[in-house]
Amino acid sequence: MKKIQMVDLQSQYYKIKAEVDNAVAGVMNSAAFINGPEVKNFQKELEDYLDVPHVIPCANGTDALQIALMALDLKEGDEVITADFTFAATVEVIHLLNLKAVLVDVDADTFTMDIDKMKAAITDKTRVIIPVHIFGQCANMEEIINAAAPNNIVVLEDNAQAIGSDYHFSDGTVKKSGTMGKLGTTSFFPSKNLGCYGDGGAIFTTDDDLAHKIRGIANHGMYERYYHDEIGVNSRLDSMQAAVLRKKLPHLNSYNEARLKVADFYDEAFANHPEIETPTRAAYSTHVFHQYTLKIKNGKRNDLQKFLAEKEIPAMIYYPVALRKQKAYFQESNDADFVNTDMLLEEVISLPMHTEMDEEQLIYITDSVLEFFK
Ligand SMILES: *Cc1c(COP(=O)(O)O)cnc(C)c1O
């Protein structure tokens, strides 16, 4: 059996190696390393795929979040609501910009921001809500947009984990994740659903003025060469990464389908197990399974992880610590307001999930998990 990995980027690369090698060699031959045609073409192709007017590529998903926030003219102490259960980058950038992170609990089933808690957290200082489409499934965007709109709050989707998923609004409209709020961001970190071979990221927006502003901020606050209208950053997607992404974007749907097949296999194997809860699939969003995350209900999640490690099956705890309790972002809080987050920290375990898994591996993994509970 092929060695089991959380993510198998090498096997995925081998399937498109000739194309990718050619594209990267093309960049080297052209020497257009920065802002070359590959970047502009990728931008256009991603705009078409997402059906969004503006994609602004940048250096990584964390920068994308930071630049998006920088474009909103916020002032110190303005409040940004986001989930307590997410990757730290979301909260890191809020702190970097001296804004106030207002963390709210997540839904016990979808792991995305709890809508009632979010509504209760809105104050007259709330300027931004950042829903995180965690593990590959959209947050409940219709509710979030409806709560934000009357208060003039900007919705900024952290779409680093859910690129390609579709959101279904109650009026029948379908939109791609990351394109529903005024702003959206993503990451092309190698292990993400659309990953490059280094770092990369992008910001999406439907707003022409904001798009212009963001392009400048990502480029030293420059709108005309050597005239700096605001304090910006240097954050670019380089041409080689863009060339790789152009070869991978046409496969994104089939990559997401391959992930879904793995999830279906896992779901079936663990269905109705008294101590294993399989991921909930919300009615309003397709799931692109960036992670396949179980809840282990018998208190033995850590023992399961060890048991699997002995069988050379990697399994990861995303995430082991609530952001409100991280040293860097610590804030006084009432645990009673975060029961779901705190429950997930104890119960979640993510199994290997990628586009190259074969049936032999899946049978071995599911048999091993079930064996643990015997
Ligand atoms: C990966 C990730 C990011 C950051 O992306 P980088 O490209 O690693 O900077 C931000 N938010 C979430 C939810 C992520 O999963």
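Both ligands and their constituent atoms are indexed starting at 1 by order of listing. Note that this is a predicted model, so its numbers are computed, not measured.
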Okay, side chain of Gln305, backbone of Ala315: is any donor-acceptor separation there less than 3.5 Å? yes
In this structure, would Phe33 and Val39 fall into the same cluster of hydrophobic residues linked by side-chain contacts under 4.5 Å? no
Run the numbers for me: atoms of ligand 1, each under 4.0 Å from some heavy atom of Lys192, listed by number. 1 (C), 2 (C), 3 (C), 5 (O), 14 (C), 15 (O)
Would you kindly check if the NZ (Lys) or CZ (Arg) of Arg259 is within the cone defined by 45 degrees around the ring axis of Tyr292 and under 6.0 Å from the six-membered ring centre? no
Heavy-atom contacts under 4.0 Å between Asp63 and ligand 1: side chain, backbone, both, or neither? neither
If you measure every N or O of Gln161 against every N or O of ligand 1, does any of those distances drop under 3.5 Å? yes
Please state which protein non-hydrogen atom is closest to atom 11 (N) of ligand 1 and give its distance, to 0.1 Å? Asp158 OD2, 2.8 Å
Taking the six-membered ring for Trp, are the ring centroids of Phe289 and Phe135 within less than 6.0 Å of each other? no
Check this for me - ligand 1, Ser187, N or O atoms closer than 3.5 angstrom, yes or no? yes
Separation of Gln161 CD from Ile134 CD1 (nearest 0.5 Å): 4.5 Å
Near Val132, which atoms of ligand 1 are under 4.0 Å from a heavy atom of that residue? 13 (C)
What protein heavy atom sits nearest atom 4 (C) of ligand 1, and how far off is it? Thr62 OG1, 3.5 Å
So, taking the atom named CZ in Phe307 and the one named CG in Asn302, what distance separates them when rounded to the nearest 0.5 Å? 15.0 Å
With heavy atoms and a 4.0 Å threshold, my read on which part of Asn60 contacts ligand 1 is both
